[in-house]
S.K.: 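Structure incoming, see below.
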Amino acid sequence: MMIIRPKKSLGQHFLKDLTIAQRIAETLSAFRGLPVLEVGPGMGVLTRYLLDEGHDLSVVEIDRQSVNYLKNNIPALKEKIFVEDFLQMNLSEIFPGKFCIIGNYPYYISSQIFFKALEFREQVVCCSGMIQKEVAERLAAKGTSRNFGILSALIQPWYDVEYLFTVSEQVFDPPPKVKSAVVRLTRNNRTDLDCDEALYKKVVKTAFNQRRKTLRNSLKSLTGERFPDFSLPIFDKRPEQLSVAGFIELTQMAEKARK
């Protein structure tokens, strides 16, 4: 039997606890009938449970050794293995309608994976999987908590984020140096932000890139130093003290300043 060794260069930590794999697969139970794309299946531990759940499953894997293993050991995938970099894929070409994303994600690109889902948010109705615990905490953090940051402020307007459960290092081969967690992002009903979306991103990133400063000081580059609304109490705050609604309000003010 072919054995695949985890590759450090690809951030691979293969899941060996079948109970955890089953629980991750069950995060998509409410979405049976929709196509599912698994990112980085490795040796297919999660893949088998997704197939058992009856999902219309495709996988994307950049490691050719893993691809050969999947082809030889999980024939049900047939022609549904994409050998490429997930972050470079045009997902609309593969899935013309709505679909879900799942995976035991490489830690070093997990945030980029969620931003990729955000890019295709009109199609990606659910994105779940396992990531580093600290990233999961930031992703799910509510506004006004210390973990609230760029990731949460950009994702949460469009997705309801659930921190589902924590996972020990010992269920992986090799064990990572950090704990993991399983999260689920479910697309909400929001259709627009009531503000300029590109400017919203700029306000969020500008504020959090200088998170020790008050918003009055960090946002001067966007509003100008003589912006009259700087007298408002909101500008005395630091970015982690705001919610998504607060950042939308700031963006509306910044739009007014630019006009």
Side-chain angles (χ1 to χ4, degrees), residues 107-122 124-129 131-166 178-259:
Y107 292 158
Y108 72 105
I109 60 165
S110 60
S111 295
Q112 293 168 269
I113 287 170
F114 293 121
F115 285 133
K116 182 76 172 183
L118 183 62
E119 180 185 346
F120 292 89
R121 64 177 179 264
E122 298 309 322
V124 179
V125 297
C126 185
C127 180
S128 65
I131 57 176
Q132 185 176 337
K133 182 175 183 287
E134 287 76 9
V135 177
E137 290 171 339
R138 292 201 299 272
L139 189 62
K142 301 301 181 185
T144 72
S145 83
R146 64 183 181 84
N147 285 324
F148 189 73
I150 291 176
L151 186 61
S152 33
L154 295 184
I155 295 291
Q156 288 182 15
W158 309 104
Y159 286 91
D160 298 329
V161 182
E162 301 169 87
Y163 183 112
L164 298 178
F165 57 92
T166 303
V178 295
K179 290 191 181 300
S180 302
V182 174
V183 295
R184 176 169 54 204
L185 282 60
T186 305
R187 183 71 169 91
N188 59 34
N189 295 323
R190 189 189 291 272
T191 57
D192 63 74
L193 284 179
D194 296 324
C195 65
D196 181 281
E197 186 177 343
L199 184 57
Y200 176 86
K201 293 178 183 177
K202 187 173 288 188
V203 167
V204 167
K205 290 180 179 181
T206 301
F208 279 108
N209 283 337
Q210 303 175 73
R211 65 185 305 149
R212 293 188 177 181
K213 293 184 178 181
T214 64
L215 294 165
R216 182 177 293 108
N217 289 322
S218 62
L219 296 181
K220 285 180 180 178
S221 62
L222 298 181
T223 61
E225 294 193 7
R226 298 184 179 181
F227 182 48
D229 286 352
F230 274 160
S231 61
L232 297 174
I234 192 172
F235 288 100
D236 294 328
K237 296 182 177 182
R238 290 180 170 79
E240 66 272 13
Q241 295 176 290
L242 263 61
S243 62
V244 167
F247 275 103
I248 290 174
E249 182 183 352
L250 279 182
T251 305
Q252 292 169 339
M253 292 179 184
E255 284 183 275
K256 183 174 70 174
R258 290 186 162 199
K259 291 176 181 177

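In this chain, residues are counted from 1 in sequence order.
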S.K.: Go through the steps to decide whether Phe227 and Phe235 satisfy the test side chain to side chain contact (heavy atoms under 4.5 Å, CB included), and finish with yes or no.
M.R.: CA-CA 11 Å; Phe227 182 48; Phe235 288 100; 3.9 Å; yes
S.K.: Looking at CD1 of Ile113 and OH of Tyr107, how far apart are the two atoms once the value is rounded to the nearest 0.5 Å?
M.R.: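 Rounded to the nearest 0.5 Å, the CD1-OH separation comes out at 12.0 Å.
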S.K.: In sequence, state the C-alpha distance, the side-chain angles, and the governing distance for Leu185 and Leu139, and then conclude on side chain to side chain contact (heavy atoms under 4.5 Å, CB included).
M.R.: CA-CA 9 Å; Leu185 282 60; Leu139 189 62; 3.6 Å; yes
S.K.: Under 4.0 Å between a Lys/Arg side-chain N and an Asp/Glu carboxylate O for Glu137 and Lys133?
M.R.: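 Yes, charged N to carboxylate O under 4.0 Å.
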S.K.: Shortest non-hydrogen contact from Phe230 to Gly224?
M.R.: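 The pair with the smallest heavy-atom distance is CE1-O, 3.4 Å.
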S.K.: Apply side chain to side chain contact (heavy atoms under 4.5 Å, CB included) to Gln112 and list each qualifying residue two or more places apart in sequence or on a separate chain.
M.R.: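 Side chain to side chain contact (heavy atoms under 4.5 Å, CB included) check on Gln112 returns Leu87, Ile109.
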S.K.: Can you list the steps and then say if Thr223 with Met253 is a side chain to side chain contact (heavy atoms under 4.5 Å, CB included)?
M.R.: CA-CA 8 Å; Thr223 61; Met253 292 179 184; over 6 Å; no
S.K.: Give the minimum heavy-atom separation between Ser110 and Ile131, together with the two atoms involved.
M.R.: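 For Ser110 and Ile131, the tightest heavy-atom pair comes out as CB-CG2, 3.6 Å.
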S.K.: I'd like to know if Arg184 pairs up with Glu162 as an ion pair, taking the criterion as any Lys NZ or Arg NE/NH1/NH2 lying under 4.0 Å from an Asp or Glu carboxylate oxygen.
M.R.: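 Salt bridge flag = yes for Glu162 with Arg184.
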S.K.: Would you say CZ of Arg146 has more than 12 non-hydrogen atoms from neighbouring residues, nucleotides or ligands within 6.0 angstrom?
M.R.: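 No.
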S.K.: Judged by atom type as modelled, is there a donor-acceptor pair below 3.5 Å linking the side chain of Glu255 to the main-chain atoms of Cys195?
M.R.: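 Looks like no, no N/O pair under 3.5 Å.
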S.K.: Could you check whether any side-chain heavy atom of Asn217 comes within less than 4.5 Å of a side-chain heavy atom of Gln210, counting everything from C-beta outward?
M.R.: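 They are not in side-chain contact.
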S.K.: Looking at CG of Leu118 and CD of Gln156, how far apart are the two atoms once the value is rounded to the nearest 0.5 Å?
M.R.: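 So the CG of Leu118 and the CD of Gln156 are separated by 12.0 Å.
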S.K.: Knowing that exactly one of Phe114, Tyr200, Tyr159 qualifies, which makes a side chain to side chain contact (heavy atoms under 4.5 Å, CB included) with Leu154?
M.R.: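 Result: among Phe114, Tyr200, Tyr159, Tyr200 is the only option passing the side chain to side chain contact (heavy atoms under 4.5 Å, CB included) with Leu154.
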S.K.: State, to 0.1 Å, how close Ala254 and Val203 come at their nearest heavy-atom pair, and which atoms those are.
M.R.: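 Scanning both residues, the minimum pair turns out to be CB-CG2, 4.3 Å.
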S.K.: Once rounded to the nearest 0.5 Å, what's the spacing between atom OG of Ser231 and atom CZ of Arg216?
M.R.: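 CZ of Arg216 is found 7.5 Å from OG of Ser231.
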S.K.: Can a donor-acceptor pair be found, under 3.5 Å and without considering hydrogens, that links the side chain of Arg121 to the backbone of Arg187?
M.R.: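 Side chain of Arg121 to backbone of Arg187: no pair is present.
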S.K.: Take atom NZ of Lys220 as the centre, draw a 6.0 Å sphere, and report whether it contains more than 12 heavy atoms from other residues, nucleotides or ligands.
M.R.: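 Correct, the count exceeds 12.
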S.K.: Just by distance, do the side chain of Ser152 and the backbone of Arg138 share a donor-acceptor pair under 3.5 Å?
M.R.: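 Checking the backbone N and O of Arg138 against the side chain of Ser152, a donor-acceptor pair under 3.5 Å is found.
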S.K.: Which value, rounded to the nearest 0.5 Å, describes the distance between Leu222 atom CG and Thr206 atom OG1?
M.R.: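 Taking CG in Leu222 and OG1 in Thr206, the distance rounds to 4.5 Å.
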S.K.: Do Trp158 and Leu193 have side chains that approach each other closer than 4.5 Å (heavy atoms only, starting at C-beta)?
M.R.: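 Heavy-atom side-chain distance check passes, below 4.5 Å.
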S.K.: How many angstroms lie between CG in Leu215 and CD1 in Ile234, if you round to the nearest 0.5 Å?
M.R.: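 Atom-to-atom, Leu215:CG and Ile234:CD1 are 7.0 Å apart.
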S.K.: Any donor-acceptor pair under 3.5 Å linking the side chain of Asp236 with the backbone of Thr214?
M.R.: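 Such a contact is absent between Asp236 side chain and Thr214 backbone.
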S.K.: For Val204 and Thr251, run side chain to side chain contact (heavy atoms under 4.5 Å, CB included): C-alpha distance rounded to whole Å, both residues' side-chain angles, the deciding distance at 0.1 Å, then the answer.
M.R.: CA-CA 9 Å; Val204 167; Thr251 305; over 6 Å; no
S.K.: Could you check whether any side-chain heavy atom of Phe148 comes within less than 4.5 Å of a side-chain heavy atom of Ser243, counting everything from C-beta outward?
M.R.: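 No; the side chains remain at least 4.5 Å from each other.
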S.K.: What distance do Asp229 atom CG and Glu249 atom CD have between them, rounded to the nearest 0.5 Å?
M.R.: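 Going from the CG atom of Asp229 to the CD atom of Glu249 covers 9.0 Å.
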